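Here's the structure we're looking at; comments come further down.
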Amino acid sequence: MSDLTVDAAHAFLRAHTTGELRFDEHLRPIRYVIAPDGRLVAPVMVAMLQSVDTVLFVPECAEGAMEVQVTLVQFDEHSPDGALADRWRIHHGDPPDVNWAFLEIDAARHEGNVIDGETLTRPNPLAGDEAGLCREMNQAHADDLRRMCREYANINIEQPVMVAIDPLGLDVRGMFDVIRVPAVEPMPTADDARRVFQAMAEAASAAGAQD
């Protein structure tokens, strides 16, 4: 398996926060977030936790979807992991269920390739700087963020809120959903992120001026 193949699968998973979960003979929509250690997190039904066969289709169960074989591991919202439930709420609002789980990736199929789950469960090197970068963008660069959403995600959001960042891009919450703004180059450090943000904002502003 080439590194490029694995990187493409990882980027695809990172670019989404919604999917459909198949458990036994059922299929239900699900919204997830990615924890700093790379695991997926979501509120889940009891029946999902009890199933021995769970597959997450990203972004939906359709041709071309990524198929992710996952093992659900329940955690208590009032435990040290409870901050991840708050992370989910920041992205998606009120949860549809009171049960929380890690969706640990066992393996995935993407574009005809079968990929080991460990290679897709990548810690986020920006996790320690994430809150500060989001606060900085939301408080001081809201107009830039709005222009970046329009230019790089082709979506107009009146009041965008940046809720997450990783080296490949940022997640922005709009009125109804979370959208992905891909970075024009990798951002392995906070300084890189600020530099890339500035370049993207300037390019988006120039493009808007030409419209």
Side-chain angles (χ1 to χ4, degrees), residues 1-35 37-45 47-49 51-73 87-88 91-93 95-97 101-124 148-157 160 162-187 200:
M1 184 70 62
S2 72
D3 290 343
L4 289 176
T5 297
V6 177
D7 289 346
H10 173 254
F12 185 90
L13 184 64
R14 272 283 181 186
H16 296 86
T17 56
T18 61
E20 290 185 306
L21 189 72
R22 188 187 71 202
F23 54 106
D24 299 327
E25 73 276 13
H26 308 290
L27 186 69
R28 295 288 186 276
I30 195 169
R31 295 174 182 261
Y32 65 87
V33 295
I34 300 181
D37 64 3
R39 289 183 293 179
L40 311 184
V41 175
V44 296
M45 301 166 58
M48 295 174 178
L49 291 166
S51 175
V52 296
D53 181 20
T54 47
V55 178
L56 174 66
F57 295 91
V58 180
E60 60 184 347
C61 184
E63 185 175 354
M66 172 183 277
E67 299 180 27
V68 189
Q69 187 78 39
V70 293
T71 296
L72 273 60
V73 179
R87 180 181 181 87
W88 191 96
H91 278 69
H92 301 299
D97 212 301
F102 293 107
L103 281 63
E104 299 187 346
I105 303 173
D106 301 319
R109 184 184 299 275
H110 181 244
E111 296 182 345
N113 300 298
V114 177
I115 302 163
D116 182 75
E118 289 188 6
T119 64
L120 295 177
T121 309
R122 302 183 182 183
N124 182 5
M148 289 164 62
C149 291
R150 183 181 64 242
E151 178 67 17
Y152 296 99
N154 198 32
I155 296 177
N156 290 314
I157 301 178
M162 179 173 156
V163 293
I165 180 174
D166 60 82
L168 301 180
L170 49 146
D171 293 339
V172 179
R173 190 184 69 223
M175 184 175 295
F176 302 110
D177 212 343
V178 174
I179 63 109
R180 181 70 167 179
V181 178
V184 296
E185 64 178 274
M187 307 180 294
M200 292 175 67

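No experiment lies behind these values; they were computed from the predicted model shown. Just the heavy atoms: all of them, side chains too, but no hydrogens, waters or symmetry mates, feed the values below.
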For the residue pair Ala101 and Leu49, what are the closest heavy atoms and their distance?
CB-CD2, 3.9 Å
Among all residues two or more places apart in sequence or in another chain, which pass the side chain to side chain donor-acceptor pair (under 3.5 Å) test with Glu104?
Arg39
Verdict with reasoning, Val44 to Phe23, per side-chain contact (heavy atoms from CB on, under 4.5 Å):
CA-CA 11 Å; Val44 296; Phe23 54 106; over 6 Å; no
For the side chain to side chain contact (heavy atoms under 4.5 Å, CB included) test, which of Leu170, Leu168, Ile155 pairs with Arg180?
Leu168
State, to 0.1 Å, how close Pro160 and Val172 come at their nearest heavy-atom pair, and which atoms those are.
CB-CG1, 3.5 Å
Check: Arg173 main-chain N/O paired with His91 side-chain donor or acceptor under 3.5 Å
no
Between Val33 and His92, does the side-chain contact (heavy atoms from CB on, under 4.5 Å) criterion hold? Intermediate values first, please.
CA-CA 9 Å; Val33 295; His92 301 299; 4.0 Å; yes
Closest contact, heavy atoms only, Arg31 versus Pro43
O-CD, 4.0 Å
Nearest 0.5 Å, what's the CG-CD1 distance between Leu56 and Ile30?
6.5 Å
Grab the two heavy atoms, one from Pro182 and one from Tyr152, that are nearest each other, plus how far apart they are.
CD-O, 3.7 Å
Heavy-atom nearest pair, Met45 first then Asp97, reads CA-OD2, 3.5 Å
Non-neighbouring partners of Asp106 that pass side chain to side chain donor-acceptor pair (under 3.5 Å), sequence neighbours left out:
Thr71
Step by step, work out the side-chain contact (heavy atoms from CB on, under 4.5 Å) result for Leu103 and Leu72.
CA-CA 5 Å; Leu103 281 63; Leu72 273 60; 4.0 Å; yes
Show which side-chain atoms of residues 61-69 pair as donor or acceptor with protein atoms under 3.5 Å away, not counting sequence neighbours.
unit_1: Gln69; atom_1: NE2; unit_2: Asp53; atom_2: OD1; d: 3.3
unit_1: Gln69; atom_1: NE2; unit_2: Thr54; atom_2: O; d: 3.4

Note: Val181 and Met200 closest approach over all heavy atoms is CG1-CE, 4.0 Å
By side chain to side chain donor-acceptor pair (under 3.5 Å) - contacts of Arg22 (at least two apart):
none
When rounded to the nearest 0.5 angstrom, what is the spacing between CG in Asn124 and CG in Asp166?
5.5 Å
List the atom pairs, donor and acceptor, that lie under 3.5 Å between side-chain atoms in residues 6-18 and the rest of the protein, sequence neighbours left out.
unit_1: Asp7; atom_1: OD1; unit_2: Arg122; atom_2: NH1; d: 3.1
unit_1: Asp7; atom_1: OD1; unit_2: Arg122; atom_2: NH2; d: 2.8
unit_1: His16; atom_1: ND1; unit_2: Phe12; atom_2: O; d: 2.8

Sorted by chain and residue number, the side chain to side chain donor-acceptor pair (under 3.5 Å) partners of Glu185 (sequence neighbours excluded) come out as Arg195
Under the side-chain contact (heavy atoms from CB on, under 4.5 Å) rule, what do Leu21 and Val70 come out as? Steps first, then yes or no, please.
CA-CA 9 Å; Leu21 189 72; Val70 293; 4.1 Å; yes
Between OG1 on residue Thr121 and CZ on residue Phe102, distance to nearest 0.5 Å
12.0 Å
